[in-house]
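What follows is a short report on a single structure.
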Amino acid sequence: MTQFKMGELFCGPGGIAYGAITAKIANPNYKIIHQWATDYDRDTCNTYTRNICPDAPETVIHEDIRKLDLTSLKPIDALAFGFPCNDYSVVGEQKGMDGVYGPLYAFGIKVLKLYQPQWFLAENVGGLKNADAGRTFTKIIDEMREAGYVVTPHLYKFEEYGVPQSRHRIIIIGIRNDLPVAFKVPSPATFAGIDNSCRTAIENPPIPANAANNEVTKQSDTVVRRLQYIKPGENAFNADLPDELKLNVTGAKISQIYKRLDPDKPAYTVTGSGGGGTHIYHWAEPRALTNRERARLQTFPDSYVFSGSKESVRRQIGMAVPCNGARIIFEAILNSFAGIDYPSVEANINE
């Protein structure tokens, strides 16, 4: 039995972890098991514990990474870290390394050096590669190599892997450079033909009446009236709205403001925000999606219960990695270690 004990920094609500522990390959002896996880947000830690390791709550550490004693963590065979993307996201201020969150990737490097796991998975937004004219991305990759890893960065377009959402993320896989293992990017061609429309994701099967985190948001009369003029796939700026319902906005007009889903396509990117018309809006009903509907777009099972207020849950879901997308990548890692060939494509970080 080859079990990889995985540690996780910036663990979020467990999208990566759920993908890891549900990853299965033809050789059942290869699997990933939870060792420890840490995050600075208490609700997030509670969600993770409840769904990933309910029998071992002590393995989920609620702490600011900058205050955590990294030497106190248990040894690991694998590391996952979706380091905070706030300073690299195209919808943020793009402060990069000068922001509060930009330098936090370095704690992942420290753990790699301390514990020398056999492999790692690091995740961030597609904008990372362009931050600071590409210097930030180069610096991060160089430090991963200096820590002793052969790295394979790739821009995964999760909608190409059957996820019912257009979500593009850079995932960096690192294999320790003394191991005779080569990782290849799994081919999305395997998933061609899968119905990944948001309608199918949300309606098939219907969400159970007693499903958790499924409270409907009460919309104001103005929002309801505005949405009645917005067709599927349209937003507040390209819909034919009467003057009294138009938004008084100057400058940048974000295309996701009061944007309705197109039911026959994958959803647009689920985010952690929700104010000012940035909820995701149903294609037919004049309302925002419920958190459970959003969780389905992130491929969390209905049995996955999120802890915290409605706003906290919305943020957790929006910041997660889609479970199914993570699982596909973890299965490629397991196949690589098991020596099982699988369809692959050349790594590429460009759109």
Side-chain angles (χ1 to χ4, degrees), residues 1-12 14-37 52-53 74-83 105 108-109 111-113 115-124 140-141 144-145 147-158 160-163 167-191 299 320-349:
M1 179 73 73
T2 302
Q3 290 190 335
F4 297 100
K5 296 176 181 174
M6 190 174 86
E8 198 172 352
L9 305 177
F10 319 108
C11 65
I16 286 177
Y18 192 80
I21 64 177
T22 56
K24 289 183 174 64
I25 62 169
N27 185 335
N29 291 320
Y30 285 80
K31 59 176 57 177
I32 304 165
I33 60 174
H34 162 80
Q35 177 79 319
W36 50 257
I52 303 299
C53 53
K74 285 187 176 180
I76 50 173
D77 306 304
L79 174 69
F81 60 113
F83 53 106
Y105 80 91
I109 305 293
V111 171
L112 292 177
K113 290 179 177 177
Y115 295 100
Q116 285 287 288
Q118 295 180 53
W119 55 267
F120 73 81
L121 178 152
E123 178 263 348
N124 208 276
I140 291 172
I141 294 295
M144 289 171 169
R145 288 178 175 143
Y149 291 84
V150 176
V151 298
T152 306
H154 182 70
L155 182 74
Y156 289 81
K157 299 177 180 180
F158 284 119
E160 296 179 354
Y161 289 86
V163 173
R167 193 178 189 92
H168 299 177
R169 292 292 183 266
I170 287 180
I171 308 274
I172 306 165
I173 302 300
I175 308 287
R176 208 172 63 208
N177 60 19
D178 63 332
L179 298 174
V181 176
F183 173 81
K184 296 177 295 183
V185 175
S187 171
T190 309
F191 304 90
T299 62
V321 174
C323 304
N324 288 0
R327 177 179 52 76
I328 289 163
I329 298 167
F330 283 124
E331 287 175 347
I333 294 171
L334 292 177
N335 278 323
S336 299
F337 274 86
I340 298 171
D341 199 24
Y342 55 92
S344 61
V345 293
E346 289 291 319
N348 184 357
I349 61 166

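Everything numeric in this text was worked out from a predicted model, so none of it was measured.
A80 is linked by a side chain to side chain contact (heavy atoms under 4.5 Å, CB included) to M6, E8, I16, counting only residues two or more places apart in sequence or in another chain. Applying the side chain to side chain contact (heavy atoms under 4.5 Å, CB included) rule to Q35 yields the partners K5, K74, I76; only residues at least two apart in sequence or on another chain are considered. Contacts of D341 classified as side chain to side chain contact (heavy atoms under 4.5 Å, CB included), with partners at least two apart in sequence or in another chain: K184. F183 pairs by the ring pair (Phe, Tyr, Trp, His ring centres under 6.0 Å) definition with nothing, not counting sequence neighbours. In this view, R327 and E331 satisfy the salt bridge (charged side-chain N to carboxylate O under 4.0 Å, His left out) rule, not counting sequence neighbours. Residues passing the side chain to side chain donor-acceptor pair (under 3.5 Å) test with S336, sequence neighbours excluded: Y342. The side chain to side chain donor-acceptor pair (under 3.5 Å) check on H34 picks up Y48, T59, with sequence neighbours excluded. Here N27 pairs with N29 under the side chain to side chain donor-acceptor pair (under 3.5 Å) rule; sequence neighbours left out. Listed by chain and residue number, E160, Y161, V345 satisfy the side chain to side chain contact (heavy atoms under 4.5 Å, CB included) test with P188 (two or more places apart in sequence, or in another chain). Residues satisfying the ring pair (Phe, Tyr, Trp, His ring centres under 6.0 Å) test with F158, not counting sequence neighbours, are none. With sequence neighbours excluded, no residue forms a side chain to side chain donor-acceptor pair (under 3.5 Å) with K157.
Between T2 and F337 the shortest side-chain heavy-atom distance does not fall below 4.5 Å. Put simply, the side chain of W36 does not reach to within 4.5 Å of the side chain of C11, judged on heavy atoms. Between F330 and T22 the shortest side-chain heavy-atom distance does not fall below 4.5 Å.
Atoms OH and CZ, on Y105 and F81 in that order, are 10.0 Å from each other to the nearest 0.5 Å. Atoms CG and CZ, from N324 and F191 in turn, are 9.0 Å apart once rounded to the nearest 0.5 Å. Distance check, rounded to the nearest 0.5 Å: CD1 of I333 to CD1 of I175 gives 6.0 Å. The CG atom of L79 sits 5.5 Å away from the CG atom of L112 when rounded to the nearest 0.5 Å. We find the CZ-CD1 distance between F120 and I173 to be 8.0 Å, quoted to the nearest 0.5 Å. Residue D77 holds its CG atom at 10.5 Å from CD1 of I32, rounded to the nearest 0.5 Å.
A147 and K113 get closest at one heavy-atom pair: CB-CG, 4.0 Å. Of all heavy-atom pairs spanning E346 and H154, the tightest one is O-CE1, 3.8 Å. Pairing each heavy atom of T299 with each of C323, the nearest pair is OG1-N, 3.1 Å. Shown here for A326 and V321, the closest heavy-atom pair between the two residues is CB-CG1, 4.1 Å. Closest heavy-atom contact between I52 and G14: CD1-O, 4.0 Å. Pairing each heavy atom of I33 with each of Q3, the nearest pair is CD1-OE1, 3.5 Å.
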How far apart are the C-alpha atoms of F4 and L334, what are their side-chain angles, what is the distance that settles it, and do they pass the side-chain contact (heavy atoms from CB on, under 4.5 Å) test? CA-CA 9 Å; F4 297 100; L334 292 177; 3.7 Å; yes
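A side-chain contact (heavy atoms from CB on, under 4.5 Å) with I171 holds for exactly one of I349, N124, I329, T152; it is I329.
Contacts classified as salt bridge (charged side-chain N to carboxylate O under 4.0 Å, His left out) and involving residues 20-37 (residues at least two apart or in different chains) are not found.
Of the possible donor and acceptor atoms, none in the side chain of R169 sits under 3.5 Å from a partner among the backbone N and O of E123.
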